[in-house]
Amino acid sequence: MRIGMLTAGGDCPGLNAVIRAVVRTSRAEYDTPVLGFEDGWSGLVDDSAVSLYDDEDIDRLLLRGGTVLGTGRLNPDTLRDSLPQIKRTLERHAIDVLIAIGGDGTLTAANWLHDNGVPVVGVPKTIDNDVAATDYTFGFDTAVSVAADAIDRLHTTAESHERVMLVEVMGRHAGWIALHAGLAAGAHMIVIPEVPFDIDYVCKVMKRRFQMGENYGICVVAEGATPAEGSSMTIDEGEIDQFGHQVFTGVANAMAVEIKERLDRDVRTTVLGHTQRGGTPTSRDRVLATRYGVHAAHLANSGKHGVFVALRGEDIVPLPIADAISRLKTVPVEMYDEAASLFG
Ligand SMILES: Nc1ncnc2c1ncn2[C@@H]1O[C@H](COP(=O)(O)OP(=O)(O)O)[C@@H](O)[C@H]1O
Ligand SMILES: O=P(O)(O)OC[C@H]1O[C@](O)(COP(=O)(O)O)[C@@H](O)[C@@H]1O
Ligand SMILES: [Mg+2]
């Protein structure tokens with residue numbers, strides 16, 4: 001038995017903890033060698049591989065952010081056209097099963113490989129927390145804690161300067177980071193992709209604060225938020241990149257211009273960007289990533305394929321990869337409405 005492993009899509013804290021757990025479990029309990037493919041799916045297409053040993057270096061990966069295997073994106077058509085090369089690489093290294101660690105895109109590719117006769121086990125990662133059928137993905141807790149910490153710090157400077165502060169966080173289609181960080185740090189308004197915003201309403205919420213005697217306001221905006229149809233603001237639509245993702249044009253900055261004009265107040269924007277994805281994982285993410293890795297190793301070594309590891313309550317369970325990609329897990333409107341009770 002030989003296991004192959006790769007990380008693909010955007011990196012996130014906890015990827016290395018999964019890699020460590022897979023290697024340690026496979027070597028210690030099954031004496032199975034693990035081979036890493038570098039830089040996402042490209043490593044499999046171009047046969048860029050590295051042996052992973054259960055040594056001190058692997059053990060110390062628990063705390064380290066990013067991924068020692070490297071990650072990346074590859075045009076989905078290029079990937080599909082490369083099936084013969086992928087199969088050749090796997091045969092050359094006598095790989096019996098591939099562990100693919102990634103988000104909805106990576107798991108879609110993993111499922112397609114499985115349908116094409118390649119044994120695969122999936123591990124869900126993403127700071128966006130948008131993978132269906134699992135309660136949480138690792139990386140999310142770290143991203144929320146980074147964002148909440150940043151928002152905490154913005155309160156005092158916003159207050160000192162009597163400003164409206166817009167904080168843009170990641171979240172392409174799902175507003176989980178915005179919602180959780182906004183709630184945790186007491187934001188006065190939260191805008192998420194699932195609920196298109198009306199800029200007049202955002203201004204009304206901020207204005208009401210000033211009328212009530214407060215002198216500042218903080219609004220958290222997910223990068224994928226869009227204005228409601230028919231509302232009095234539009235934003236430029238970015239083009240679609242070579243990997244199929246829309247390029248963002250800066251929704252928070254566009255909102256800042258509108259708010260400044262309408263409220264005649266000082267407005268500032270902070271875009272947290274990749275700070276949310278870097279650095280060491282929180283303890284919670286280390287534990288989740290480690291548990292995912294241990295379970296993925298057991299599944300791979302016992303010949304259970306076409307499944308991914310999912311967190312359901314306190315348990316890690318194997319589910320068909322198809323369940324993870326059947327839909328995106330977005331914030332339910334009722335949950336957003338809970339948060340909305342605190343706006344203003
Ligand atoms: N529909 C698809 N079919 C085949 N491969 C895909 C598909 N979607 C994504 N992929 C592959 O998975 C990679 C990672 O997906 P991406 O959406 O960028 O990140 P994530 O896995 O974090 O969601 C893509 O660059 C592409 O190579
Ligand atoms: O700057 P990059 O690496 O292209 O990716 C940005 C995107 O990646 C994410 O951080 C994570 O998304 P994925 O997990 O789907 O890769 C998104 O929140 C963000 O929109
Ligand atoms: Mg994704």
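Each ligand, and each atom within it, is numbered from 1 in the order the structure gives. Small disclaimer: the values here were computed from a predicted structure and weren't measured. All values below come from the heavy atoms of this structure, side chains included, with hydrogens, waters and symmetry mates left out.
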Atoms in ligand 2 flagged as close to R172, the criterion being non-hydrogen separation under 4.0 Å: 20 (O)

Aromatic ring pairing H298/H295, orientation class (parallel under 30°, perpendicular over 60°, tilted between): perpendicular

To the Mg ion (ligand 3), the closest N, O or S atom belonging to D104 is OD1

Which residue and atom name correspond to the protein heavy atom nearest atom 19 (C) of ligand 2, and how close is it? E223 OE2, 3.2 Å

Given D11, L74, L79, which has its nearest heavy atom closest to atom 24 (C) of ligand 1? L74

Is it the case that atom CZ in R262 sees more than 12 heavy atoms from other parts of the structure closer than 6.0 Å? yes

Would you say the ring centroid of Y292 lies under 6.0 angstrom from that of Y136? no

Please write down residue, atom name and distance for the protein heavy atom closest to atom 10 (O) of ligand 2. R277 NH1, 2.9 Å

With a 4.0 Å cut-off on heavy atoms, is Q276 touching ligand 2? no

Quick one: does G105 get within less than 4.0 Å of ligand 2, heavy atoms only? no

Who gets closest to atom 5 (N) of ligand 1 by heavy atom: A109, G72, A110? A109

For atom 12 (O) of ligand 2, closest protein heavy-atom neighbour: D128 OD2, 3.7 Å

Which ligand 2 atoms, with their elements, are less than 4.0 angstrom from a heavy-atom of G10? 16 (O)

Using ring centroids (six-membered ring only for Trp), state whether H188 and H155 fall under 6.0 Å. yes

Atoms of ligand 2 close to I127 [distance to a heavy atom under 4.0 angstrom, numbered from 1]: 10 (O)

What is the closest protein heavy atom to atom 16 (P) of ligand 1, and at what distance does it sit? H245 NE2, 3.7 Å

What residue and heavy atom of the protein are closest to atom 2 (P) of ligand 2, and at what distance? R73 NH1, 3.4 Å

Of the protein's non-hydrogen atoms, which lies at the shortest distance from atom 1 (O) of ligand 2, and what is that distance? H274 NE2, 2.7 Å

Give the atoms of ligand 2, by number and element, whose distance to some non-hydrogen atom of G171 is under 4.0 Å. 18 (O)

Atom 13 (P) of ligand 2 - nearest protein heavy atom and its distance: K125 NZ, 3.8 Å

Please list the nearest protein heavy atom to atom 15 (O) of ligand 2 with its residue and the distance rounded to 0.1 Å. D104 OD1, 4.0 Å

